[in-house]
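First comes the structure, then the notes that go with it.
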Amino acid sequence: MGTLSFFDLTWTWSPWLLWVAASATVASAIGRSVYLLYFHPAAKFPGPKLAAISYIPYCYHWIRGRYPWFQEQVLREYGHVVRVGPNELVFFTPQAATDIYGASVKHQEVFLKTDLMDFGAGDLGFIWESDPAKRKAVAKKILPAFSSKATKEKEPLVHAYLDLFVRRMKEVGGRPEGLPMNDWLLWLAIDMAADLAYGRELTHLKDGKTSDFVETIRGTSFVGTLVQLSKRVTIIGLLAPVFVPLRVMRSIPAVFKANKAEVQARIDKRGKTKHPDFMDYMISPEDPPPASKKELTHIEQVAFQMFIAGFDPVQITFYAVLFFLLKSPKARAILTEEIRSAFESYEDITPEALARLKYLNAFIHETLRVHLTTPTGMPRLSPGAVVDGVYVPKGIVVQLSSFTAMRHERYFADPLEFRPERWLPADHALYDTRYANDNLKAFFPFSLGPRQCTGREIAWSQTRLFLAKVLWTFELEGVRGHDKSFDDDFSVHVMWNRPELYVRFVPR
Ligand code: HEM
């Protein structure tokens, strides 16, 4: 009888080894599921069982682009708090919003930001900074950039970009086939935000064409979602590169290099810039250049975040106001009349004068209510605290579905209808008592508390000016896209995926 070789042994034992490995895996999965279902600190919260033991529903709905709708559905099914992942809860009431985002000690948040927006740059800048002490240090520099005085100083630049948009629409917007708003509004918002953030002059609007920069931003929306999901399910991160479009993959290094060079150029130009921008507050004319790579990376991050925060919600809002204008001819007629009768000439249109127009403000409020801009749920880590009447143990991730709140019949009559009237004061001719009991406290498009949007004032001013200048100058005609439904045809990853909206701009 011959002796058994190593390979014979492996062959003989491998079914056993496989069996042992498979049994151990199953036992560990069962053990983990039992722990998550019955012993985990989040075990007491209701929700789908699959969501309690895995991130499968969470990832699935994010990948489909329907995460806000998923949150809404489970909150309707299970109540005011739902476990949407093993360690993750979602709330939706105004009380929950106040408890999570409003809680503060010495003006610093108590529920800290998670690592959701940490894409590995080595610095979290300002908006994505989760350490309150570090954030406070940046806030000291950058917050004055959002004061009313500083916002006023930036107004001429906002006018300049919106006037350029109006001019371009006069030149090319009258075509019978209309213009695709996904492109044109993105170009407008990107050009304006880059200049406001760090004096970077882009010419998409002027040239009427896209660039590698724009396509990189667009092309990484889905991948950004995968990277965020990989923080819960590591393996998803391995798939992310596969979904980067080839054109974007090729251009990413050059785009990031060019952006760094632009920030460096802005630093070198300090004290000699054409107009005020957010960077004035990060590095003033008297400041020496950044002393280290770390300091430079920090400034680059803040500049980039000011750009992202300044363009994405703005382009979403510009698209949304046009979409609802075209969908609602009655509202369009009322708004157009209000704007045209308020000003003798185009040049008279100013943010201060617009702030007094009741229907305009109602129209923008209603747009921000029905079209969510920030889909992430704004996750925060519980410090161990009561939220909406229930104790949430330390370390559990909590978030708010403002989407659910802003579309809930508990707070708004006809919640899925676009009704600017609900925001009108009782003495307005179009005031409708049907909306008298709407609970406006359930409206938080800019979040609340210490980490709420610091760009609210400039965002309002930009949106009022955009609508007023466009409606003063043009009759708008929807060619196609405006017949689509927000609930059926929109979805969201890092950016919103929207139907193409073709609009004709006919000078009046
Ligand atoms: C309609 C437009 C806008 C909407 C709906 C909006 C909404 C929001 C929301 C919901 C947050 C909180 C995000 C979170 O906690 O994760 C936020 C934060 C922020 N937004 Fe806006 N935003 C808008 C426009 C702007 C503009 C034009 C700027 C100017 C750069 C800006 C600057 C910021 C900054 C700096 C923060 C972070 C504040 C902090 O962390 O302390 N936003 N925004």
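Throughout, residue positions are numbered sequentially from 1 according to the sequence presented. Both counts, for ligands and for their atoms, begin at 1 and track the order of listing.
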May I ask you to say whether [X] pairs ionically with [Y], meaning some side-chain N is under 4.0 Å from a carboxylate O?
{"X": "Arg266", "Y": "Asp280", "answer": "yes"}
{"X": "Glu88", "Y": "Arg232", "answer": "yes"}
{"X": "Lys358", "Y": "Glu421", "answer": "no"}
{"X": "Asp183", "Y": "Arg218", "answer": "yes"}

Output block, N or O contacts of ligand 1, threshold 3.5 Å exclusive:
residue  : atom   : partner : partner atom : Å
ligand 1 : 15 (O) : Arg380  : NH2          : 2.8
ligand 1 : 40 (O) : Arg451  : NE           : 2.9
ligand 1 : 40 (O) : Arg451  : NH2          : 3.2
ligand 1 : 41 (O) : Arg135  : NE           : 3.3
ligand 1 : 41 (O) : Arg135  : NH2          : 2.3
ligand 1 : 41 (O) : Arg451  : NE           : 3.3

Open item on the list: Under 6.0 Å from the ring centre and within 45 degrees of the ring axis: does the NZ or CZ of Arg419 meet both conditions for the six-membered ring of Tyr435?
Closed with: no
TODO: Give the ring-plane orientation class for Phe490 versus Tyr319, where under 30° counts as parallel, over 60° as perpendicular and anything between as tilted.
DONE: perpendicular
